[in-house]
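Here is the naming used below: chain letters follow the sequence lines, and residue numbers restart at 1 for every chain. Basis for what follows: all heavy atoms, side chains included, without hydrogens, waters or symmetry-related copies.
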Amino acid sequence: MSNKPANKYPVNLLDTPFPMRGDLAKREPGFLKQWEDAKIYQQLRLAAKEQNRPKFILHDGPPYANGDIHIGHAMNKILKDIILKSKSLSGFDTPYVPGWDCHGMPIEHQIEKLVKSDKEAIKANPAIHAQIVAYRKANGLDEKEIHLPSSFIRELCREYAAIQIERQKVDFIRLGVLADWQNPYLTMNFKTEADIVRTMGKIHHNGYLVKGQKPVHWCVDCGSALAEAEVEYEDKVSAAIDVAFQVVDMAALSAAFGGVNVGEQTASAVIWTTTPWTLPANQAVSVHPEFTYDLIATEKGLLILVRELAEAALKRYDIDANEVIAQAKGDALNGLLLQHPFLARQVPIICGEHVTADAGTGLVHTAPAHGLEDYQVGLKYKLAVDNPVANDGRYVSTTEFFAGETVWKANPKVVALLEERGALLANKKLEHSYPHCWRHKTPLIFRATTQWFIGMDKKVGNETLRDKANRAVDATEFFPAWGRARLEAMIKNSPDWCVSRQRTWGVPMTFFIHKETAELHPRSTELLEEVAKRIEQEGIEAWFKLDATELLGDDAAHYEKLKDTIDVWFDSGSTHFAVIEQREELNHGDANRPAADLYLEGSDQHRGWFQSSLKTACATVGHAPYKQLLTHGFVVDGKGMKMSKSKGNVVAPQQVINQMGADMLRLWTASTDYSGEVSISDEILKRTTDSYRRVRNTLRFLLANLSDFTPQDRLPVSELLTLDRYALVELAKFQHNLTSFYDKYEFHLGVQEIHRYCADELGAFYLDIIKDRLYTMAAGSHGRRSAQTTLWYITQALVRLLSPILSFTAHEAWDALKNEGNVFVGEWLALPEIHEADTLQAAFALIREVRANAQKDIELQRAEGVLGSSLQAEVTIHAQGEVFQALDALGDELKFIMITSQAHIQPGTPAIEVAAATAEKCERCWHYHPSVGTIAAHPTLCTRCDCNLHGAGETRQHA
RNA sequence: GGGUCAGUAGCUCAGUUGGUUAGAGCACCGUGUUGAUAACGCGGGGGUCAUAGGUUCGAUUCCUAUCUGACCCA
């Protein structure tokens, strides 16, 4: 280990090819190559099969095939890998098939950008852009033509996704994740596409698929309904207007307000809205049944306002003189008819719990076509879902005043019209949080359209899907426990799932609908399977190019193919069927249990994949697709702030790997409590490196001192020294602790345990003590072999225990140990049983306490300048009772445990005396011993060393 | 605005049903060793347990509010 000249009296100093510094960034790729060449993943599967291991299925949540992986992806995959490697070492068969989510708008949007010649997009994807150029040329199209056939667009999307997947895959593999990288699952695989379609078919067959008119977030630029996940909230300035709806029947008004005399003047209910353009679709005015409403006499007639907000509202209308002439509860106003401010329509006052008194007037403009709550309250009152706005965001031709106008341009015109009609009481600007399209960043509208839903509250048999989902949540185990509450709350409030989209790059809704009635074909289930078979062969294109007559025959005259595609969340949500059920190695083979043992994703997936998977599974097989759900937080910077390009606090996994190696990223992942947000920063990574070095150097010491030792040299446990047997007890405890942390997925506690073991147990205690035997006793002596036997068990166990986290380092150490095979194949080390383990532990607990006290006393002497190294000290320990017995049992070997030259034990009141040694120091073993100088031939040696070098060697029993 | 969660030494984490001076590792300081040496041993300093109230004989631990941050939703 050092380059110093050899000592006159040699000690057993050994070397190891395991260097102090890992140089991981450079060397890890070589290790990866070895794993690949040795086909470790395949080897594991084969071995598991031979051993008939039980399966543990961790189903991969597919990342979206767009963009390079970021630190969150890396952490997610590393956590999965740690779990699977530890489960495998615990005796499970752990196949892991990584996946990618391939359909959907972000990819379609990328292609769209290329079609529209976006310069940055072209720079990033020149090959695909070249195809677009070539296509236009080959088909005689203008070089700026943006209307290209859907089939061609889908082809490009597919190609784009494939490129992205390869990029991400390289980065994932580099992390050291063991997986079936050659056969991942892609939601765009033909077979998978077919099975997604089949999942939809099953849900229809089970009666959960329903057609509805419903307001949905609609992006005018996309020309499509947007899923919740595609909506972003941003601040927007809107016109906030107060509009008077004149009361039609004054007698009814009087009655509602307890018969008050309402006189000759007009009366109006006043609403407040930030979306003037929705007024043409107004069908009602909602009040809260429990609120108190004032009837107020003003210069602008009688006004109805909620009591709490009346004053603020009147101020807004510049009305000073006013008098409250009557009050009534909201439910008294129910049914009162109002005149629409500019259309020939009378609308009722209705009651709804959604009305608040936070802002506005306490009376809510209700347009079922343009708002979810409006729609829901409208269902109750059977209001018309009359939607005047077309796909492109313009009013349809039959709309009075605004036909052909876009809703945004109509806004000021509505206000002007209201003013003209004397219905406008106030017009202010309001900045508020408003939904925007995630792609276009433009404001969305709410708009009723024909969509397909998975109904949450439709009774099928005795139960709704919501009931089933609730039961499934109950049956699931959550890590951490609060995941249950979160998922529960979401299921409870989850509206019907809108699964239809009007997009190009997506799995089609493969149904035939009647041209007149829009009903699904009565043979849908059967027809769908026919379609699925074709998709299996040719992909989703098989549906788009299908001629309905091929399957329907004469019926084709009455039916047409549904043009919608399926919400991309449904794709990944179906993988418990489309992937787990389909792949033999992932299949537990028991339809009555969840398909997977574990799903593990970021906490955002409670709303996403956890939920979509739960719903599709409940709607198809009636239970959850997972037994356990594990969630991790998001990665934030050192200050706990989320990462963003603009803040410049993004840590890229590729950069960490290239600088410090993947094992550092793995150790960082394992070190943090991932149940909350997870921090990363330069300092944190620096600290991670520090703790890595401690572990690495411990391994280096162990390996070096085993380099002249083979398993054949091992002594039977019964012949080991007392201290060594105790060390094996501590090893067993360590292994037990660590494996239980693995089982509970509490890796950060595991890392602490690893550190404690390496630093406290080994570095500061066991290894420090046995250095004397390792270095100074004869190489093949009993005392030294006893220590090495122990080191062998420690190292063999430690390497396996480290491997789920520090995979590369463990692999390297495995090689240095000259072990056969690979560290990941096999199980935790079977440790020899130690008799009297409890007795040993109890005794050494006492011994170590005394030792710690002695060290403090020695330190005091050292500070005084009385002595330097602890071998320069001689201690006398006074003790009684069991402490005395424990120390006394070690006899003369107590000094080795104390690492002092002398250690005497005397009965009496507990005390420790420390003195500087008066004897000479042995040149070889550094102990201070009276015998030094007594051997004529070797005047600088003690008798112990002389005996170890030239005689029969000393005998050790305890330490 | 609503739901879920977090806030203990510079950093990563412990802290058992509320109970004597709140622990560990790393970092830092001092020191020893020079046979784990860009390593290892020994010792030490460092926290009003986010803030403010409350319950209690007693709260880091229970309750409420506030602040900060994360995810989701509106």
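- Remark: ring of A:F701 does not overlap the six-membered base ring of B:A39 in a stacked fashion, as centroids less than 5.5 Å apart with planes less than 30° apart are not both met.
- Taking every side-chain heavy atom of A:I684 into account, B:C11 is the closest of B:G41, B:A39, B:C11.
- Side-chain atoms of A:Q605 and A:Y599 include no donor-acceptor pair closer than 3.5 Å.
- If you check every strand for non-hydrogen atoms under 4.0 Å, A:G640 touches sugar and phosphate atoms only.
- Nucleotides B:G54 and B:A70, compared at atom C1', are 28 Å apart to the nearest Å.
- Using a 4.0 Å heavy-atom criterion, one finds that A:H606 contacts no nucleic acid atom at all.
- In this entry the distance linking CH2 of A:W482 with P of B:C5 reads 8 Å, nearest Å.
- Here B:G35 sits opposite no nucleotide as a Watson-Crick or G-U wobble pair (both hydrogen-bonding atom distances under 3.5 Å).
- When each of B:U12, B:C73, B:C13 is scored by its nearest atom to the side-chain atoms of A:H748, the top-ranked nucleotide is B:C13.
- The distance between atom CG of A:L629 and atom P of B:C72, rounded to the nearest whole Å, is 17 Å.
- Taking the side chain of A:R862 as heavy atoms from C-beta on, and the options B:A36, B:C11, B:U31, the nearest nucleotide is B:U31.
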Residues A:I770, A:N705; criterion side-chain contact (heavy atoms from CB on, under 4.5 Å); working and verdict: CA-CA 11 Å; A:I770 63 167; A:N705 284 287; over 6 Å; no
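- With hydrogens and angles ignored, no donor-acceptor pair closer than 3.5 Å exists between the side chain of A:E859 and the base of B:G41.
- When only modelled atom types and interatomic distance are considered, A:H370 and A:T275 share no side-chain donor-acceptor pair under 3.5 Å.
- Atoms CZ (A:F741) and P (B:G25) sit 16 Å apart, rounded to a whole Å.
- Residue A:S691 is classed as having no contact, given no heavy-atom separation below 4.0 Å to the nucleic acid.
- A:D637 places its CG atom 12 Å from the P atom of B:C11, with the value rounded to the nearest Å.
- Checking B:G69, B:A70, B:G35 against every side-chain atom of A:M641, the shortest atom distance belongs to B:G69.
- Applying the Watson-Crick and G-U wobble criteria (two distances, each under 3.5 Å), B:U20 pairs with nothing in any strand.
- Within the shown strands, nothing qualifies as a pairing partner of B:C49 under the Watson-Crick or G-U definition with both distances less than 3.5 Å.
- Geometric assessment of A:R924 against the ring of A:Y775 yields a negative cation-pi assignment under the 6.0 Å and 45° thresholds.
- Distances shorter than 4.0 Å separate none of the side-chain N or O atoms of A:H632 from OP1 or OP2 on B:C71.
- The base-pairing partner of B:A6, taking Watson-Crick or G-U wobble contacts with both distances under 3.5 Å, is B:U68.
- Nearest to the side-chain atoms of A:D673 among the listed nucleotides B:C13, B:A36, B:U12 stands B:C13.
- In the set B:C26, B:G3, B:C11, the nucleotide with an atom closest to the side chain of A:A489 is B:G3.
- The distance from atom CH2 of A:W926 to atom P of B:G41 is 15 Å, rounded to the nearest whole Å.
- Of the C1' atoms belonging to B:A27 and B:A9, the separation is 11 Å, rounded to the nearest Å.
- Between the side chains of A:D101 and A:W609, no donor-acceptor pair of N or O atoms lies under 3.5 Å.
- Here the separation of B:A50 from B:A6, taken at their C1' atoms, is 11 Å to the nearest Å.
- Counting only heavy atoms from C-beta on, A:R693 has its side chain closest to B:A39 among B:A70, B:U12, B:A39.
- Between the OG atom of A:S869 and the CZ atom of A:R862 there is a distance of 7.5 Å, given to the nearest 0.5 Å.
- Summarising the geometry, the separation between CG on A:D760 and C1' on B:A24 is reported as 8 Å, rounded to the nearest angstrom.
- Ring pair A:H927/A:F896: centre-to-centre distance below 6.0 Å.
- Nucleotides B:G19 and B:C63, compared at atom P, are 15 Å apart to the nearest Å.
- In this structure, B:C29 forms a base pair with B:G43, meeting either the Watson-Crick or the G-U wobble geometry with both donor-acceptor distances under 3.5 Å.
- Following rounding to the nearest Å, A:R687 (CZ) and B:A9 (P) show an atom-to-atom distance of 15 Å.
- Here B:A36 presents its C1' atom at 18 Å from CD of A:E761, a figure rounded to the nearest Å.
- Considering only side-chain N and O atoms, A:R700 lies nowhere under 4.0 angstrom from the phosphate OP1 or OP2 of B:C40.
- Evaluation of atom-type donor-acceptor distances gives no pair under 3.5 Å for the side chain of A:R694 against the base of B:C26.
- Side-chain atoms of A:S869 lie closest to B:G32 of the nucleotides B:C72, B:A36, B:G32.
- Contact check, A:K686 against B:C26: no side-chain N or O comes under 4.0 Å of OP1 or OP2.
- Proximity note for A:M20 (side chain, C-beta onward) versus B:U34, B:C72, B:A38: the nearest is B:A38.
- Distance noted for atom P between B:U8 and B:A14: 11 Å (whole Å).
- Between the P atoms of B:U21 and B:G53, the separation comes to 22 Å (whole Å).
- Distance noted for atom C1' between B:U56 and B:U60: 16 Å (whole Å).
- Under 4.0 Å is where a charged nitrogen must lie from a carboxylate oxygen, and between A:K771 and A:D768 at least one such pair does.
- Distances from the side chain of A:M490 to the nucleotides B:C72, B:G25, B:G35 place B:C72 closest.
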